[in-house]
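Below is one structure; the comments refer to it alone.
Just so you know, residue 1 is the first one in the sequence shown, and it goes up from there. The figures that follow rest on heavy atoms only: side chains count, while hydrogens, waters and symmetry mates do not.
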Amino acid sequence: MKPPKWELIRYEEDGGVRVVSLARPEKRNALNEQLLDELFGALLEAQQDEAARVVLLRADGPDFCSGADLSQLEQVASGASPMENLLDAHQIGDLLVAIRAARFPVIAAVQGRAWAGGAGLATACDMVLAAEDASLAWTEIRLGFVPAMVMAVLRRVVGEKVAFELIATGEPIDAQRARELGLVNRVLPNEGFDDAARAFARDIATRSPSGLELSKRLFYGSEGLSFENAIARGAEVNALARMTPDTREGVRAFLEKKRKG
């Protein structure tokens, strides 16, 4: 009998939205090697699906993700080899890069705790929706560990001083504080949170596919460029966008509406 494709996640199609759910609620959706592999595979499957417009990353149970699974931590405690540790680190690092490189927006829907690797996973997404009861914490320092890969994202989102405080203290912050710091886009009521998050993702999925893809590429691709080079890059993407069917259709519809109005 062929084993199921997904064991630790659920993959659903909801119109143009691909809903990827962490499905280890009994383990607070802790990250292990298999779960990371399945998340990467789900993202790749969505990437190859022309109908996919948005990925919504959510979780079953009261918590989004508690961080690394005990089996992963035991590997550290047992004194794994340098190569084993490097391969383990690259696994989550590759997932964070894949989220950034995806052609569509990846939206995290966070409820309960998103701690350590869970906070890193959420932070790496293009947008974050948080329930009122959500908390984020980069707790690695409390284990003598380093939130190494997520630093690349965290300092870009909140700036150096705040990012260093978050990783140096390891203290959790609530959803509203995360919103104030720019880590969360919207705080939604606990009641009906999942439905509201799905509705938000469906709304984003109605936008122009080429517009979303080009916008995401330009947004991250212009990082580190001088002002002049960023403007030049923007002009190139602007010219490219004008030739897409989405833009031409949108402009024609707008002009027709103006003529009738």
Side-chain angles (χ1 to χ4, degrees), residues 6-32 35-36 38-39 42-43 45-46 52-69 92 95-96 99-100 102 104-139 150 153-154 157-158 166 171-207 212 216:
W6 313 118
E7 294 181 334
L8 302 183
I9 68 167
R10 289 187 296 105
Y11 187 94
E12 311 166 51
E13 295 184 6
D14 183 359
V17 180
R18 299 299 176 262
V19 182
V20 179
S21 302
L22 308 182
R24 299 185 78 201
E26 74 286 355
K27 298 288 187 180
R28 294 167 53 203
N29 297 308
L31 302 171
N32 63 8
L35 179 54
L36 290 169
E38 291 188 16
L39 283 174
L43 198 61
E45 181 161 314
R53 302 285 181 262
V54 172
V55 163
L56 179 66
L57 180 61
R58 59 170 303 281
D60 292 343
D63 291 314
F64 178 74
C65 177
S66 61
D69 187 82
I92 190 167
L95 178 60
L96 302 187
I99 290 172
R100 177 65 60 92
F104 38 65
V106 181
I107 304 172
V110 176
Q111 80 283 0
R113 286 172 286 191
W115 287 17
L121 184 60
T123 307
C125 292
D126 302 300
M127 289 184 276
V128 180
L129 309 174
E132 292 171 323
D133 71 347
S135 66
L136 289 84
W138 293 263
T139 57
V150 75
V153 180
L154 191 60
V157 176
V158 299
L166 291 172
E171 294 176 354
I173 57 174
D174 62 24
Q176 191 55 49
R177 179 57 175 156
R179 172 73 178 86
E180 293 168 358
L181 293 176
L183 287 159
V184 164
N185 295 86
R186 299 190 183 189
V187 178
L188 304 173
N190 292 331
E191 185 175 353
F193 172 70
D194 193 62
D195 288 341
R198 289 171 182 260
F200 180 86
R202 286 195 297 268
D203 182 57
I204 297 297
T206 65
R207 306 302 193 267
L212 285 172
K216 181 171 178 176

Spacing of L8 atom CG and N32 atom CG [to the nearest 0.5 Å]: 5.5 Å
CG-CZ distance between L95 and R100, expressed to the nearest 0.5 angstrom: 12.5 Å
Distance, nearest 0.5 Å, that separates CG of L96 from CG of L121: 7.0 Å
Atom of G118, atom of L31 and distance for their closest heavy-atom approach: N-CD1, 4.4 Å
Exercise: do R58 and S21 side chains pair donor with acceptor under 3.5 Å: yes
Closest heavy-atom pair and its distance - R179, R186: CD-N, 4.2 Å
For G67 against A116, the heavy-atom pair lying closest together: CA-CB, 4.1 Å
Sequence-distant partners of R202, side chain to side chain contact (heavy atoms under 4.5 Å, CB included), two or more places apart: D14, V17, R198, A199
side-chain contact (heavy atoms from CB on, under 4.5 Å) evaluation trace for L166 with I173: CA-CA 9 Å; L166 291 172; I173 57 174; 4.0 Å; yes
Nearest-0.5 Å distance that lies between atom CH2 in W6 and atom CG in L39: 9.0 Å
Expected output: side-chain E38 to main-chain E7 donor-acceptor under 3.5 Å: yes
Test item: R24 side-chain N/O and A30 main-chain N/O as donor-acceptor pair under 3.5 Å: yes
Taking every non-hydrogen atom, the tightest pair across A130 and F193: C-CE1, 3.5 Å
Salt bridge (Lys or Arg N to Asp or Glu O under 4.0 Å) partners of residues 122-137, not counting sequence neighbours, each pair once: D126-K216
Check: R207 side chain, D203 main-chain N or O, donor-acceptor pair, under 3.5 Å: yes
N29 side chain to D60 backbone, donor-acceptor under 3.5 Å: yes
Neighbour count >12 (heavy atoms, 6.0 Å) for atom CD, E26: yes
Inter-residue atom distance R18.CZ - E13.CD, 0.5 Å rounding: 4.0 Å
Expected output: side-chain N190 to main-chain A131 donor-acceptor under 3.5 Å: no
Atom of A42, atom of Y11 and distance for their closest heavy-atom approach: O-CE1, 3.6 Å
Pair L136-V128, side-chain contact (heavy atoms from CB on, under 4.5 Å): steps then yes or no: CA-CA 11 Å; L136 289 84; V128 180; 5.5 Å; no
Closest non-hydrogen atom pair, C125 against L57: SG-CD2, 4.1 Å
Reported CG-to-CG distance for the pair D195 and L188, which is rounded to 0.5 angstrom: 11.0 Å
Test side-chain contact (heavy atoms from CB on, under 4.5 Å) applied to M127 and F200, step by step: CA-CA 11 Å; M127 289 184 276; F200 180 86; 4.0 Å; yes
Flag, side chain of D174 to backbone of S135, donor-acceptor distance under 3.5 Å: no
Side-chain touch F104/L212, heavy atoms, less than 4.5 angstrom: no
